[in-house]
Amino acid sequence: MDKRPSSLKRITNKKAAEAFIRKQVAEIQKQVKDQKVLLALSGGVDSSVVAALLIKAIGDQLVCVHVNHGLLRKGESEQVIEVFRENLGANLIYVDASNIFLKELKGVADPETKRKIIGKVFIDVFAKEAKKLKDIKFLAQGTIYPDILESKGVKAHHNVGGLPKELNFELVEPVKYLYKDEVRVVGEALGLPKNMVYRQPFPGPGLGVRCVGAITKDRLNALREADAIVREEIDKLKDKPWQYFCVIPDFKSTGIKDGKRYMGWAAIIRAINTRDAVTAKSYEIPYKTLYKIRDRIIKEVPGINRVLWDMSDKPVSTIEWE
Ligand code: XMP
């Protein structure tokens, strides 16, 4: 196994982060020289920190590809574009592939099949972009140390390790010996926004595993809006849980509006605390916040007529519904 060097001390403060950045910038420059580097930028902490590090080291020799699979949370793609293209001047290719993903996922209800389709379509879309760009020898990845320890090497959702062999990339993995908390400290030292660096974990298949069963565009849109409300209200709390989001199952229940019965979806709120995501405790959402979320979802999200709170622990309930 690729082991963390013993000379690498824990990065817990700005000074240590800056020393790490200086060293990595020099190493990246030495490795890639005047060549171009490709990076799949999801907007997650790891790929964002790697992108910022590479921009510092090699500027526009870095080509970022942001694939919007249509399963991202509200405002996420917009933030990637704002932070990287507008603020950091990154060479960023934005690919809106949401219709391709929706088409491939149409009618697919089985969670594992959904995950596989999302992973495969992601690789296809990314590889297609990579092939359009000529003369790229290097691929940067946001691999972090726990990925190596779990011997996955790459993130399930990026799965760039599964890219067609003929692309023949040499890897650039500047944060591969860092733990998540260290990556965040480095991200802050690089000037990335706090809400990007400290964002809660988000599964690679995105809202796809929270739009339970076969995904439809209208239910996915309702989920995105309801999820944004859950995040907005819980973000106001001083003591925030580890992960908090919304789920919409694929059944409807009876509601009543203007004296008429109608069928609507249920929005399910989930908030948990955990150390390592292996076990988790349901987070006690204050009632005031719960009611505020309920009122806002019912008022602001068309199609939802019921709000529930999933207060189950893991085990037996996994954090995600699928
Ligand atoms: P579960 O649902 O298994 O989730 O209790 C544990 C943690 O892992 C996240 N998760 C994923 N992350 N790709 C990811 O990158 C995935 O396919 C995936 N599935 C679950 C989940 O959000 C939770 O934090």
Side-chain angles (χ1 to χ4, degrees), residues 39-50 66-74 76 80 101 104-105 108-123 126 141-162 173 175-176 178-181 183-184 196 198-213 215 220 223-224 226-228 230-231 234 240-249 268-283 310-322:
L39 169 79
L41 182 59
S42 65
V45 183
D46 308 333
S47 66
S48 296
V49 170
V50 168
H66 175 62
V67 176
N68 180 357
H69 53 26
L71 305 166
L72 295 171
R73 291 172 294 185
K74 189 173 177 177
E76 250 171 349
V80 168
F101 280 84
E104 294 297 322
L105 286 164
V108 182
D110 175 62
E112 279 315 298
T113 314
K114 282 166 72 176
R115 274 172 201 272
K116 279 194 192 123
I117 291 172
I118 295 167
K120 185 186 174 299
V121 178
F122 185 91
I123 291 166
F126 186 74
Q141 280 190 172
T143 311
I144 64 171
Y145 203 45
D147 298 333
I148 295 177
L149 294 177
E150 287 158 24
S151 55
K152 277 189 203 145
V154 284
K155 292 290 167 71
H157 60 297
H158 287 162
N159 253 339
V160 275
E173 296 178 303
V175 297
K176 73 173 177 179
L178 303 195
Y179 287 97
K180 196 80 171 190
D181 56 320
V183 177
R184 294 192 208 276
M196 189 173 244
Y198 288 95
R199 65 176 225 162
Q200 50 166 318
F202 185 56
L207 298 180
V209 292
R210 298 175 182 171
C211 193
V212 177
I215 298 168
L220 185 61
L223 170 62
R224 189 176 288 111
D227 180 73
V230 170
R231 285 192 291 137
I234 292 188
K240 277 187 276 183
W242 195 81
Q243 207 172 10
Y244 42 106
F245 53 90
C246 189
V247 176
I248 302 192
I268 298 170
I269 306 164
R270 182 120 172 93
I272 58 96
N273 266 326
T274 178
R275 185 188 292 255
D276 51 16
V278 176
T279 61
K281 284 260 171 231
S282 176
Y283 167 84
D310 174 2
M311 47 164 70
S312 345
D313 292 340
K314 177 184 180 179
V316 296
S317 313
T318 51
I319 297 171
E320 303 292 345
W321 270 50
E322 287 193 331

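Numbers here are sequence positions counted from 1. Just follow the structure's listing: the first ligand is 1, and inside any ligand the first atom is 1. Worth knowing before you read on, the calculation uses all heavy atoms, side chains too, and leaves out hydrogens, waters and symmetry mates.
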Quick one: does ligand 1 sit under 4.0 Å from the side chain of Trp242, the backbone, both or neither, non-hydrogen atoms only?
side chain
Which bit of Pro205 is near ligand 1, meaning a heavy atom under 4.0 Å away: side chain, backbone, both or neither?
side chain
On a heavy-atom basis, I'd like to know which of Glu320, Gln200, Arg270 is closest to atom 2 (O) of ligand 1.
Glu320
Select the closest option to atom 13 (N) of ligand 1 among Ala280, Ser317, Ala277, Gly204, judged by heavy-atom distance.
Gly204
Are more than 12 heavy atoms from other residues, nucleotides or ligands located less than 6.0 Å from atom NZ of Lys281?
no
From the list Ile268, Ile269, Ile272, side chain to side chain contact (heavy atoms under 4.5 Å, CB included) partner of Asp310 resolves to Ile268
Asp181: side chain to side chain donor-acceptor pair (under 3.5 Å) partners, not counting sequence neighbours:
Arg10
Across all chains, not counting sequence neighbours, the side chain to side chain donor-acceptor pair (under 3.5 Å) partners of Tyr198 are Glu188
Could an N or O of ligand 1 be found under 3.5 Å from any N or O of Arg115, whether backbone or side chain?
yes
Is it true that the side chains of Thr143 and Gln141 contain a donor and an acceptor less than 3.5 Å apart?
yes
Any idea which atoms of ligand 1 are less than 4.0 Å away from a heavy-atom of Lys314?
1 (P), 3 (O), 5 (O), 6 (C)
